Each structure stands twice: as C-alpha cells, then as structure tokens.
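Everything on this sheet refers to the single structure shown next.
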Amino acid sequence: MTAGTGRDVSGAPGGGATGLVCPAWGGGMEGDAGPGDARRALGHLVEAVLASRGEANAVFDILAVLQGYPANTGISPQSEDQEEIQEAVHACSRLFGALLARGELFVGQLPSEEMVLTGSRGATRKYKIWMRHRYQSCCNRLGELLAHPSFQVKELALSTLMKFVQLEGEHPLEKPKWEGNYLFPHQLFMLVVGGLLSPEEDRSLLLSQFREYLEHDDIRYHTMQAASNTVARTTDGRPEVPLTFWNNAFMLLSSVSLPRQESTLSSFYVKHTELSDKWKVVHLKEHRKAFQQMWLHFLKHQLPLRVCKKVLVIMHDSILPHLAQPSLMIDFLTRAYDIGGAVSLLALNGLFILIHKHNLEYPDFYRKLYGLLDPSVFHVKYRARFFHLADLFLSSSHLPAYLVAAFTKRLARLALTAPPEALLMVLPFICNLLRRHPACRVLMHRPRGPELDADPYDPTEEDPAQSRALESSLWELQALQQHYHPEVSKAASAINQALSVPEVSIAPLLEVTAFEIFERDLKKKGPGSVPLEFIPARGLLGRREDLCAQHFTLS
Amino acid sequence: MGKARSAARGKASAAPAGALGGRARPNPNPFEVKVNRQKFQVLGRKTRHDVGLPGVSRARALQKRTQTLLKEYKERDKSNVFRDKRFGEYNSSISPEEKMMKRFALEQQRQHEKKSIYNLNEDEELTHYGQSLADIEKHNDIVDSDSDTEGRGALSAELTATHFGGGSGPVPGKAAQQPSGGEEPPKSRRELIEELIARSKQEKRERQAQREDALELTEKLDQDWKEIQALLACKTPKSESGGGKEKPKPDAYDMMVRELGFEMKAQPSNRMKTEEELAREEQERLRRLEAERLRRMLGRDEDAHSKRPKHLSADDLNDGFVLDTDDRRLLSYKDGKMNVEEEPSGDSSGGDSGEEEEEKGEGWSEGGPEDSDSPDGHSDLESDADSEDARSADGLVGRESDGVEVRAQLQGDQRPSPGERLPRDDRAAARAQLPYTFAVPESCEELKSLLSGKSMEDQLLVVERIQKCNHPSLAVGNKAKLEVRWLSPCGTRSGQRPGSHGTDGHRALAVFAAGYFPWGRASKRGLDGCRLRKLFGFLLEYIGDLAVSDPPDLGVIDKLVVPLYDLCQMFPESASDAVKFVLRDAMHEMEGTVETTGRAAFPGLDVLIYLKIAGMLFPTSDFWHPVITPALLCLSQLLTKCPVRSLQDAVKGLFVCCVFLDYVALSQRFIPELINFLAGILHMATPNKQSQGYTLVHPFRALGKNSELLLVSDEEDMATWQRRSLPLQWAGGLKAQTETEANHTRLSCLALCLALVRRCVLAYGTLPSFHDIARPLRALLTEHLATRCCPPTLQELSRSVLTEMENQPRHYRPLVCEKSKPVPLKLFTPRLVKVLEFGRKQGSTREEQERRRLIHKHKREFKGAVREIRKDNQFLARMRLSEIMERDAERKRKVKQLFNSLATQEGEWKALKRKKFKK
C-alpha cells in the first residue's frame with residue numbers, strides 16, 4: 001500500500017522477539033467513517049502502543065493517517081481528511097510525547113535502520129532505534145504539514161513540533177559530551193524554521209503564531225541561528241529568490257526583539273533543572289551576536305525594494321539598538337542611501353543614529369541630503385519623518401552659511417510645487433533655518449543690492465557650495481505670499497519683517513494633513529455674518545468671462 | 001523762688017478753679033502742659049499729639065482705676081454681691097412714668113398676695129407722686145378743664161388771672177371786700193368762675209360756626225371747579241369710560257390698517273429720486289461693494305471688523321438699491337397705484353430681444369426682479385380665489401388678466417429658453433394645472449417627490465412657488481424687510497448702463513408688494529419663512545442627485561442656480577452651513593480612500609458642481625471666507641490626490657482647474673497644485689519622454705500606463721478636429737465614443753489645457769519668481785512644439801503661450817525687510833508713584849490696604865492693651881504696698897500703745913510699791 005507498510009513488513013520480523021505482530025484490526029477501521037470514530041480508533045492504537053511494545057507496529061497505522069492516506073480507502077472529502085489528519089497529529093503528539101518522556105527512543109547518533117535490524121544487538125535497542133526512526137519520519141511529516149493548505153492543520157503541526165522541541169530538549173536524544181553540556185534539538189528546530197520560511201507561500205499568519213514562542217529566550221536564540229542558516233541555505237546558489245521568501249524572512253526577523261536588560265534571560269521554553277553559567281544561551285551578549293549575525297546575513301543580499309523599505313522603517317528603533325556592533329550596518333545603509341527616493345529618506349534615520357551615536361564619518365553627507373530634495377519630497381508618505389530628520393541635521397549652528405543658504409533656497413524652490421499642508425510646514429522650517437543662521441539673512445534682507453536679470457541660484461547644481469545660493473533672495477516666498485490659502489500666505493509673509501528671535505517648533509506641523517486643515521477651516525467662525533456674492537448668479541457655468549463658461553458647455 | 005513759684009501756681013490754679021463752673025478746662029496749667037516739639041514742619045501732616053496733659057490724664061486714669069480695678073481688688077475675697085433689683089432701674093428704654101406704673105403694679109401685686117386677699121371692701125389708697133389722692137381731692141379749687149380743650153394754649157387773660165396770678169391782683173380788693181360780707185367771697189368766686197365758663201363756651205360756639213362756614217365754602221368751590229373741569233377736559237372721562245369696553249379685543253384688521261395708514265403717512269419723507277440721483281446712488285453702492293470686496297481680498301480687516309459690509313445685511317441692500325433695467329417701468333408707480341399701461345411695449349421688445357439682451361449681459365439683471373415679483377402676486381391672487389372655492393383657469397385669467405400678462409411677459413423675458421416658449425394661453429393653462437401654493441418640503445425626499453417627473457419649466461416653477469409662498473417677509477409684514485428681501489436677489493451688475501434707471505424701483509416695488517399682499521394673511525404664514533431656510537439644503541441635495549443621474553440633468557441644475565442664489569441671499573448662514581456640509585461629505589469620502597491607498601479617484605460630477613456653485617454664491621476673492629477657503633482646499637485636494645486614469649478624469653480635472661482659476665480670477669492668487677496639474681496634463685500629451693527640465697509630482701508619473709493618455713497619433717483625426725467647448729456632461733458619464741471622438745476630446749482637452757496655461761501666464765506673470773514657477777511648463781511646451789504632433793491651431797496656441805511666457809519681465813529685486821521699530825534701551829528711571837494721601841500706604845489694591853489697616857490697628861491695640869495691663873499691675877502693686885504699709889503702721893501703733901499702757905501700768909505698780917515701801 002505505502003512505503004510505511006513496506007517498512008512494516010521489514011519491521012515486523014525485527015521486533016519478532018518481543019512479539020511484534022501486525023494486528024488484524026486494521027480492517028476494522030475501514031468500516032468507520034466519522035471523525036469521532038477515527039479519534040477513538042487512533043486513541044486505541046496509541047494506548048495499545050504505549051501499553052506493550054508488542055503492539056508497536058500500530059505506529060504505522062497512525063503514521064499512515066498522518067500521511068494523509070486515510071484508513072478507509074474511499075475518497076473522502078477534504079474537510080474530513082483535514083480532521084483525520086488533525087486527529088493523527090494529536091495521536092502522534094500523545095504517543096511520541098509519552099515515549100520521549102519515558103526515554104523509549106534511542107539516544108545518540110542514530111544508526112541506519114537496515115544496519116541495526118540486520119545486526120545482532122539487544123531487542124530493546126532495536127526497538128528503540130526503530131521507534132526513533134518512526135519518530136523521525138513523524139517529525140518530517142509534521143514539517144511537511146506546515147505547508148498544508150488548511151491553517152488549522154498548520155497551526156496544529158507547528159504546536160506539535162514545538163512540543164516535541166520542548167520534550168526533546170528536556171530528554172535529549174543525543175549523548176551529552178560532558179557534564180552539564182547544553183543540548184538543544186537543533187535539527188528538529190531547523191525543520192520548524194525551515195518550514196516557516198517558505199519560499200513559496202506567505203506564512204505571515206503562522207509566523208504570528210510562532211511569535212509567542214519567541215518570548216522564550218532559548219527559542220529566540222536558536223531561532224536567530226536557524227534563521228540565518230535557513231537564509232543562507234535558501235539563497236545559496238539561487239540567482240532569483242522569490243519575494244515571498246523575503247517577506248517571510250523579514251516577518252520572522254522583525255518579530256525577534258531582544259530584551260534591553262541582561263537580567264531577564266531566564267524564561268526558557270525547555271525546562272532545565274538548573275541553568276549553567278557556561279551556556280551561551282544565558283548571555284545577552286551571545287544573543288546580540290546571533291542577532292547581528294542574523295541581520296547581517298539577511299541584509300547582505302540584494303533585497304527587493306519593498307522589503308528594504310520595511311527594514312529601514314524599523315531599523316532605528318528595533319535593529320540598531322540591539323546590535324553588538326552597529327557600525328556594521330553601514331554597508332547596508334549607504335547602499336540604501338544611494339538608491340535614491342523614498343528609500344534614501346528612510347535610510348537617513350539609521351545613518352543619523354550611526355553618525356550621532358557611533359561616530360560614523362560619512363563623506364558628502366550634506367551633499368547627498370541636498371540631492372534628496374526634489375519635488376516628490378512633499379508628496380511621499382514619509383514626509384514628516386524626513387523633515388524631522390532634516391531639521392535635526394540642519395540644527396547645528398556650525399554649518400557653513402553657504403550650505404544652509406543652499407538648503408533654504410532649494411526648499412523654497414520646491415515649495416513652489418507643494419500642496420498647502422506641506423507649505424504650512426516648510427515655510428516655518430525655512431524661517432527657522434534663517435533664524436538659526438544669521439549669516440543667511442541676506443536671503444531675505446539685502447539692502448542696496450543691485451537689481452538682477454535672473455536668479456543667481458542654480459537649481460541644477462548638485463554641490464550646494466557651487467549653487468550660489470547666498471547671492472540670491474527668497475523670491476519664491478514672495479510669490480507664495482500670493483498663495484490662495486490665507487494661512488500659507490501669512491506664513492510666507494513672515495519674511496517681510498525681521499524674524500522674531502524664538503524658533504517656531506515644527507513638530508506639531510509635521511503630521512498635518514490637508515484634511516485637518518480643511519476641518520479647521522470649516523470650524524473657524526468668522527465675525528458677523530457670511531459675506532455674499534453681490535453679482536447674481538445666472539447659470540451653472542457662471543458669467544461669460546468665466547473660464548468655465550468659455551470652455552465648457554452644458555450639452 | 002519756691003515761694004514765688006508756689007504763689008504763681010496758686011494764682012494759676014485759682015483761675016481754672018474759678019472757671020470750672022462753666023467749661024472743663026479752657027486754660028490749662030502751663031506747667032502741666034507737655035509740648036511735643038516738631039523738628040521739621042511737614043506740609044499737610046496732621047499732628048495729633050503735639051500738646052498733651054500728662055498729669056491730668058494720669059489723674060483721670062488713676063481715678064478710673066480706683067473706681068473699677070480697686071473695687072474689684074477689694075472685693076476679691078467676697079462672695080456676697082449687692083444686687084439692685086429695683087424694677088427697670090437700669091433700663092433706659094422705659095420712660096419714668098411707665099417705670100412708676102409698673103413698679104406700682106408690682107407693689108400692688110405683692111401686697112395683694114400677702115395680706116389682703118380676703119380684704120374685699122378696703123379700697124386701696126391712690127396716690128399721686130406719693131401724695132394720697134384723697135388728700136388732693138380735698139382741694140376744691142380744681143377747675144374742670146374740659147371746657148377749654150378747644151382753646152388750648154390760648155388762655156384768656158382772665159382765666160390766667162384766676163388760675164395763677166389772679167390771686168395777687170383782685171385778692172387784695174376781695175380781701176378788702178371779704179371782711180364786709182362773710183359769705184360773699186366764696187360766692188363771688190363761684191360766680192366769677194361760672195361767668196368765665198359761660199364766656200368761654202360762647203367763644204367756642206362762635207369759633208365752631210366760623211369753621212363750618214369755611215367748610216361749606218370750600219365744598220362749594222370744589223363743586224364749581226369740577227363743573228368747570230368737566231367742561232375743560234371732556235375727553236379724559238370719555239376715554240376712561242369707553243376704553244374699558246373696547247380695548248380688550250382690538251381687531252387685528254384694524255390694527256393692521258392703522259399701522260399701514262401710519263406707514264403711508266410717514267413715507268413722504270422719502271422724496272422720489274431723480275434719475276441722476278439714482279444712477280449716482282447705484283454707482284456709489286457698487287463702488288462701496290467693490291471696495292468692501294477688495295478689503296476682504298487683501299485680508300486687511302482681520303482685526304477691524306467694525307461692521308458687516310452693508311450689502312450683506314438685509315437692511316442694507318435697500319439703501320441704494322435701484323432697478324437698473326428698462327423693465328422697471330412696468331412697475332412704475334403713479335398716484336399710489338401700479339401703472340401697468342406701458343407693459344405691452346415692453347412685451348414686444350422684451351420677448352423678441354431676449355436673447356440679444358442676454359448676449360449683452362443685461363438680460364439677467366433685468367429679468368431678476370420681475371421674475372420674483374410676478375409669480376408671487378399671481379400665487380397670492382390665486383390663493384384668494386382658492387379660498388372662495390370658485391377657481392377656474394379661465395375665470396382666473398379673466399379676472400386678473402393684467403397680472404397674468406405681466407407675468408407672462410416677464411417670464412418670457414427672463415427664461416433663457418425662448419425656443420420652447422409656449423403660446424401664452426397654453427402656458428397659462430399648463431400653469432393652472434400645477435397647484436399654486438406649496439408648503440415647504442420637510443425633507444429632501446419630499447422635495448424630490450414634488451419635483452420628479454416634471455418638465456424643467458415645471459420644476460422651476462414649483463421651486464419658485466415654494467419660495468414665494470413661504471417668503472419670510474410675509475411673516476414679518478414689514479415693509480423695509482420686504483423690500484430688501486425682494487430686491488436683494490436683483491443685485492445689479494457693475495457699470496452697466498448707469499443712466500438707464502427709469503423709476504424709483506424700490507418704491508414702486510414696495511407699493512406693488514403692498515398691493516398684492518393682503519396683510520391679514522401675513523400672520524397665518526408666519527412660520528413658513530423659517531422652514532424656507534431648509535429649502536436651500538434640499539435644493540442643493542437635489543442638484544447633487546441630478547448631477548449624478550445618468551445622464552446628468554445639467555439643464556435643470558443650470559436653472560436651479562438662480563433660486564439657489566436667491567435663497568442664499570435670504571439666508572446666508574444656513575446656506576453657508578449647507579454648502580459646508582456637502583463639501584465636508586465629499587472631503588470625508590475622499591479622505592477615507594486617501595488614508596488607505598494614498599490616492600483617490602476623482603469624485604462624481606456632483607462635487608464638482610457643488611464647488612462651482614459655492615463659487616457663485618459667495619465672494620471668491622476674500623482673503624478668508626468660511627465657505628470659500630475650505631472649498632479651495634477641496635479643489636486643491638482634487639488636483640493633488642486624484643490621479644488621471646482616463647479621459648473622463650482628464651475632463652474632470654480640467655474642469656476643476658477652470659473652477660479653481662475662476663475662484664482666483666479677481667484676487668490673482670497663486671495655486672501651485674494647478675501648475676503641477678497642467679504640467680502633468682501636458683506631459684500626457686507629449687510623445688517622447690525625455691523628461692528634461694521638469695519633474696512631475698504626486699498624482700502623475702513620468703512613465704506608466706497613463707503617461708500617454710492624451711496623445712493623439714491619428715493624422716486624420718487631427719485634421720478633422722475643430723476647437724469647441726467641452727461638454728460638461730462628459731465629466732459625468734462619458735461613454736460610447738468612437739476612437740475619432742475620443743481623439744477629438746483629447747485634442748480639446750489639450751487645447752483647454754493650453755488656454756489655462758495661457759491664463760496662468762497672464763495671471764502670474766508679475767510674481768517675482770514666475771520663471772521658476774513656469775519652468776516645467778516651458779520645458780514641456782518646447783518639447784511639445786518640437787514633436788509637431790498636434791493640429792496647427794494648437795501649435796499656434798502653444799507657440800503664443802511660449803512667447804508670452806518669455807515676454808514676462810525678469811525682475812529680481814533683492815528682498816528687503818520692512819523696517820521695524822528699534823527696541824528702546826532699558827533705562828534706570830526711578831519709579832514714580834502718585835501720592836494720593838499722606839500717611840497711607842500707596843500702591844496697592846483696596847483689599848490690601850484694608851488688610852494693612854487692620855493689621856496696623858491690631859498692633860496698636862495690642863500695644864495699648866499691654867500698656868494698660870502693665871499700668872493696672874503697677875496700680876495694684878501700689879495699692880498692695882500701701883495696704884501693707886498701713887497694716888504695719890497700725891500694728892506698730894498698737895504695739896506702741898500696748899507698751900505704753902504696760903509702761904504706765906508698771907509705773908503705777910512701782911509707784912504703789914514705793915508707797916508701800918515708804919510706809
């Protein structure tokens with residue numbers, strides 16, 4: 001029927017010493033159709049196996065159900081199939097859990113089955129080895145079930161595997177090399193993580209289930225190791241890695257969060273009677289190393305832009321603080337910074353932390369920042385973040401005047417294409433720059449200057465030093481004084497007078513949206529009654545000289 | 001020396017001693033006077049303690065202490081207390097007589113209780129001031145004074161003589177006579193008294209008679225006066241008598257009539273104005289309105305909102321209002337009646353030249369007022385007929401043929417649909433089928449049910465009738481308001497034929513209205529005006545429904561704008577709220593999608609039409625306006641958040657651009673989004689995308705599936721294309737187009753885009769950084785021209801736009817800040833505080849002053865009390881010392897006496913002994 005049954009044949013004589021016989025009840029199950037019956041039948045089987053070693057061959061029946069070959073040969077609907085598999089998973093979990101706890105599985109390097117069976121060793125040993133092989137195949141099958149279409153099955157498989165991990169950790173299947181050796185079921189765990197990081201399918205739901213295991217320190221540590229291994233293995237030799245893999249990997253990696261203090265490294269998933277100080281798992285430093293290793297292995301690959309953006313968004317908050325050596329991120333960040341556009345904007349944040357806290361020397365930083373300023377800056381999603389950082393970068397009073405003037409002029413140019421909500425933020429921003437750097441006030445106040453034919457400022461020049469911004473004036477703001485929105489007009493008119501000394505905080509202005517301005521305007525009450533148009537309306541398109549009437553007709 | 005001083009003191013003390021009888025101390029002993037010498041004379045300071053009499057005051061204090069403290073001290077060990085239990089002895093509120101009475105009563109009571117309970121017969125002895133009354137009664141010369149109660153205070157000489165001094169004079173004589181007759185003196189005395197009594201009685205009677213006479217005379221005089229008074233003021237009593245009955249139910253009709261009468265009488269103060277005056281007034285009004293608009297546009301009145309511009313309030317419009325059209329003469333006013341004879345002439349000219357007039361741009365302002373007048377009158381007459389229950393179309397027409405004619409003519413005049421006009425009779429018949437009065441719909445659904453399924457004209461008529469039947473002026477019944485409300489919708493266009501105002505418009509109209517409205521009905525409809533308020537919102541909603549219907553019924557919307565405008569003029573607040581509401585709805589919907597996806601689809605035609613209508617109802621040039629500013633933001637959102645994905649989107653976007661530019665047509669304000677959008681549209685129409693010199697912003701992408709949406713490559717379509725206006729309906733539901741049509745639409749869009757670019761160039765040419773603003777447009781245009789992929793007319797257009805762009809001045813004058821006032825240096829000038837009163841702490845509030853005063857007072861009182869206590873103690877100590885000394889002296893004296901007596905005794909004893917011894 002299956003490979004399992006084939007092995008059954010070979011296994012039966014091996015266990016002959018203990019009376020391993022294939023029982024005849026297999027046919028009895030065929031009559032049962034309902035899942036309740038299946039559960040009962042599987043329960044009997046498990047009890048039989050646990051009761052006497054002679055019934056060990058019943059394992060094959062359980063495994064057969066687990067494989068998805070239901071005992072009844074008829075074609076059963078998908079849902080029943082699922083339920084049977086779930087029952088089988090439950091049964092396996094009970095069976096092998098009990099076996100692991102009893103220590104009835106072979107411990108140590110596992111010899112191949114044929115070799116053991118042909119050899120003449122003790123029957124108990126044979127039984128243990130044989131059972132260990134069954135356990136192995138069960139785990140493999142559970143790993144395969146992580147890709148099952150039904151989420152319930154996946155979830156169950158995951159929790160069962162994790163249970164095995166726990167039990168195996170408590171009753172290790174390999175011999176400790178020395179006293180107090182830390183043993184963890186690495187292979188089994190690799191199986192789990194490998195199943196999670198599937199290149200084919202989006203596993204975000206399963207990953208969010210997995211997240212709760214990550215609260216345990218040992219699981220987290222081994223996840224980090226396993227993840228970096230898996231990433232290495234998946235990308236190895238493959239030219240094109242699918243996006244789903246990166247998404248899954250990012251999902252897993254981003255859900256790893258290290259504790260801030262060392263003192264809390266004691267919640268272990270695998271229960272140990274005593275924690276040894278020699279183990280790597282108990283040291284936060286080792287965790288950090290693993291964390292860093294994991295991210296570096298992940299980020300050294302050519303990531304898709306969307307994943308790259310996601311990484312950059314969480315970079316400053318949840319990656320950089322936990323790295324053992326944050327400056328190693330510089331490669332990734334500079335690469336991202338050079339990509340341009342929104343990715344560069346996002347990379348700024350990480351770069352800023354490196355420059356600010358880790359003494360990173362970044363050549364031409366301001367020049368690149370200057371290059372980032374293009375009209376799309378006002379329209380992207382990360383506008384608030386970008387201007388918050390730009391405000392930080394330009395807050396130093398030691399910047400040369402030409403640089404600040406170039407930034408000011410560039411921002412003013414861009415303001416000519418900006419929507420009102422951005423203007424309400426960028427105009428105070430410009431005024432703040434002028435306040436911070438009195439040398440730049442020539443931009444708004446140049447008495448006795450000659451009248452010019454053209455603006456000396458060169459917007460196409462990439463080097464702020466060459467842009468001749470200091471010779472120019474902020475004519476753009478003068479134009480914006482004619483803006484249709486009254487608040488923008490007022491903000492732009494600030495340069496008409498000498499600027500007041502205290503800076504205007506732009507923090508509350510960063511997140512303002514057009515809708516908020518709209519609501520504010522709606523709520524604002526004017527004094528007295530509403531002014532009305534005194535020229536009577538004639539029709540929908542208005543008067544003759546109106547553009548609508550000139551260019552549109554009603555029919 | 002000592003003697004001399006003592007002599008002087010003796011003298012000095014002698015003088016006050018002598019004077020003591022009169023005043024206390026007019027001239028104190030100079031040796032007892034202590035003078036506190038002032039070192040400096042301070043002006044205005046009150047000196048209270050410059051002179052003191054320490055000796056005197058000490059003596060007084062000592063005396064007081066002896067009376068109080070010493071007494072207490074002496075009685076310190078005594079527990080018995082002397083208590084004065086005399087009734088009311090220390091009660092000053094009881095007068096002495098009362099006190100005596102009470103004491104007497106108490107005494108009687110006490111006696112009664114004790115002894116004489118059973119003593120029935122014994123009368124108590126009555127006393128008067130301690131004397132027994134029985135004794136007093138024995139005097140027989142007591143005169144009964146009852147007789148002279150009248151003449152109290154005016155005692156006759158004889159009486160006086162007899163009573164008091166009388167004894168002295170006649171007595172000697174009588175005394176002389178007495179001895180002669182033993183019994184005579186008592187007799188004569190009695191006689192005298194009787195005489196006296198008789199005389200006084202007579203006097204009394206006379207006086208009484210006199211008084212009665214006077215009384216009689218006064219009464220008579222009063223009566224006479226009353227008669228005369230009645231003659232003089234006969235009105236007052238009448239009103240008093242009649243008012244009681246009539247006042248309780250004043251007839252509403254009477255009141256109304258009287259009110260009207262008074263109003264009519266008050267009117268002549270308004271002189272009929274001549275044409276020149278009217279023209280001048282009109283010009284003045286328009287100039288003022290324009291000035292107001294400019295002021296608001298510049299946003300200078302942010303702080304100084306002194307008063308609303310007059311044309312806004314209802315009362316203001318009637319001020320300078322004039323109907324500036326020829327049709328006004330239909331409503332001319334002659335001898336208090338409406339003059340309708342001239343109508344026919346107007347009819348012929350008006351009906352035919354309707355379109356021409358519209359062309360000139362005058363037709364509307366002419367038509368407005370009459371439009372609003374005539375149907376109203378009509379409906380009112382109709383409702384009259386209704387009440388009589390005898391209504392038929394024919395009879396109606398017959399009865400008020402004049403009115404109908406006016407209306408028909410006017411409506412023909414004002415409805416800009418001359419082609420569909422029915423013959424007059426047919427139309428009248430058709431109208432008659434519609435009900436003539438409508439209640440204001442309570443909900444939008446009601447309005448829809450009223451309007452749905454009717455032709456355009458009927459719909460308009462229904463709206464108009466709702467509006468007229470429920471006019472708020474009917475509720476108020478106030479002429480001034482009526483004028484305003486009636487005339488406000490017919491605001492005139494500026495500068496058009498200022499000389500052509502035929503008649504005194506508002507006057508004529510007022511009379512017209514007065515004639516048409518039976519006043520008695522006003523109260524009945526009072527509440528409808530408020531309900532009319534909601535009509536604006538319902539109409540707006542209805543328009544929205546029309547706009548999203550398939551196909552959009554733009555014709556009706558076009559006509560409904562006029563009543564909307566009228567309603568808006570009537571109820572600015574509710575209209576602005578309604579417009580805000582629809583705008584908020586639209587924005588909210590858009591915001592929802594923008595939040596999630598970052599972009600939104602272009603909204604339906606209804607939002608665009610709302611925005612357009614908002615621009616017509618409210619002044620778009622204001623610096624800040626409660627409706628227009630949000631509307632501008634809404635437009636901006638449409639241009640920045642809605643990507644152009646189809647030709648329909650392009651048409652919509654361009655329509656939004658048109659509306660946007662119309663909004664800022666007067667104020668010439670700068671719209672960055674618009675420039676971006678036009679650049680994006682141009683980009684879509686440009687074939688090769690080198691993308692040099694410009695960058696596209698958010699809703700547009702340089703490359704992508706829509707980046708060549710407006711590109712036309714078909715030569716044939718290009719050749720057959722003709723420039724014409726885009727139908728707005730396409731923005732609503734554009735479908736079933738052939739490829740050629742689509743291409744033509746594309747080219748039209750491009751042409752419109754170019755026209756808008758040109759408009760922008762003209763508008764923003766003067767902005768200081770115009771060339772930077774227009775840089776992307778210029779780059780696109782040059783690229784576009786270079787590809788030569790559009791019809792020659794468009795190439796021509798773009799070339800001209802380019803040249804205009806180049807021709808704009810390039811003036812870059814360096815910016816200079818306005819000079820600000822220099823900040824004054826800090827100076828250390830003394831702080832000057834105005835001293836209001838010396839001796840009082842200054843510079844604090846009243847409460848603080850009061851507090852300080854109390855603290856000060858407490859301190860002083862405390863010190864004084866301490867001093868007093870100390871002095872008391874000294875006094876007591878002194879007293880104790882003197883007591884002890886006294887006691888010691890007494891003892892000494894006694895001891896001495898004892899020794900003395902002992903010594904004598906001893907001496908005597910010795911002497912006796914010696915005697916014995918001698919013997």
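Numbers restart at 1 for each chain; the letters A, B, ... are given by sequence-line order, proteins then strands. The structure presented is a predicted model; accordingly, all values stated were derived computationally and were not measured.
Although no hydrogens or angles enter the test, the distance criterion places a donor-acceptor pair under 3.5 Å between the side chain of A:N432 and the main chain of A:V504. A distance-only check finds no donor-acceptor pair linking the side chain of B:Y764 to the backbone of B:R759 [under 3.5 Å].
Using a 4.5 Å cut-off between heavy atoms, A:R441 makes no contact with chain B at all. Contact annotation for A:H485: only side-chain heavy atoms (C-beta onward) come within less than 4.5 Å of a heavy atom of chain B. For B:F660, the part lying under 4.5 angstrom from a heavy atom of chain A is the side chain only. In this structure, chain A has heavy atoms under 4.5 Å from both the backbone and the side chain of B:K580. Both the backbone and the side chain of B:S636 come within less than 4.5 Å of a heavy atom in chain A. For B:I671, the parts lying near chain A are the backbone and the side chain together; criterion is any non-hydrogen pair under 4.5 Å. Proximity to chain A (any heavy atom under 4.5 Å) is shown, for B:E595, by neither the backbone nor the side chain. At a 4.5 Å heavy-atom cutoff, the contact between B:L583 and chain A is made by backbone and side-chain atoms alike. Both the backbone and the side chain of A:I495 come within contact range of chain B, each with at least one heavy atom under 4.5 Å from a heavy atom of that chain. The part of A:E421 that comes within reach of chain B is its side chain, from C-beta onward, which places non-hydrogen atoms under 4.5 angstrom from that chain. The contact between B:L815 and chain A is made by backbone and side chain atoms together, counting heavy-atom distances below 4.5 Å. Neither the backbone nor the side chain of A:T460 comes within contact range of chain B; no heavy atoms are under 4.5 Å apart. Of the two parts of A:L443, only the backbone, made up of N, CA, C and O, holds a non-hydrogen atom closer than 4.5 Å to a non-hydrogen atom of chain B. In this structure, the portion of B:T620 lying under 4.5 Å from any heavy atom of chain A is its backbone and not its side chain.
A:E533 and B:F618 make their closest contact through OE1-O, 3.5 Å (heavy atoms, listed as atom of the first residue, atom of the second, distance). Across all non-hydrogen atoms, the minimal contact from A:I339 to A:V343 is CD1-CG1, 4.1 Å.
A donor atom on one side chain and an acceptor atom on the other are not found under 3.5 Å apart for A:E461 and A:Y370. Side chains of A:T417 and B:N676: no donor on one and acceptor on the other come within 3.5 Å.
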* Criterion salt bridge (Lys or Arg N to Asp or Glu O under 4.0 Å) on B:R293 and B:E290, from CA distance to verdict -> CA-CA 5 Å; B:R293 192 190 63 72; B:E290 185 62 19; 2.7 Å; yes
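Enclosure of atom CD in A:E511 is not indicated, since only 12 or fewer non-hydrogen atoms of other residues, nucleotides or ligands lie within 6.0 angstrom.
Here A:M444 is the residue among A:Q497, A:E476, A:M444 with the most heavy-atom pairs under 4.5 Å with chain B.
Heavy-atom neighbours of chain B within the stretch residues 374-388 of chain A, taken at a separation under 4.5 angstrom, comprise A:P375, A:H379.
With ring centers used as reference points, A:F515 lies under 6.0 Å from B:H588.
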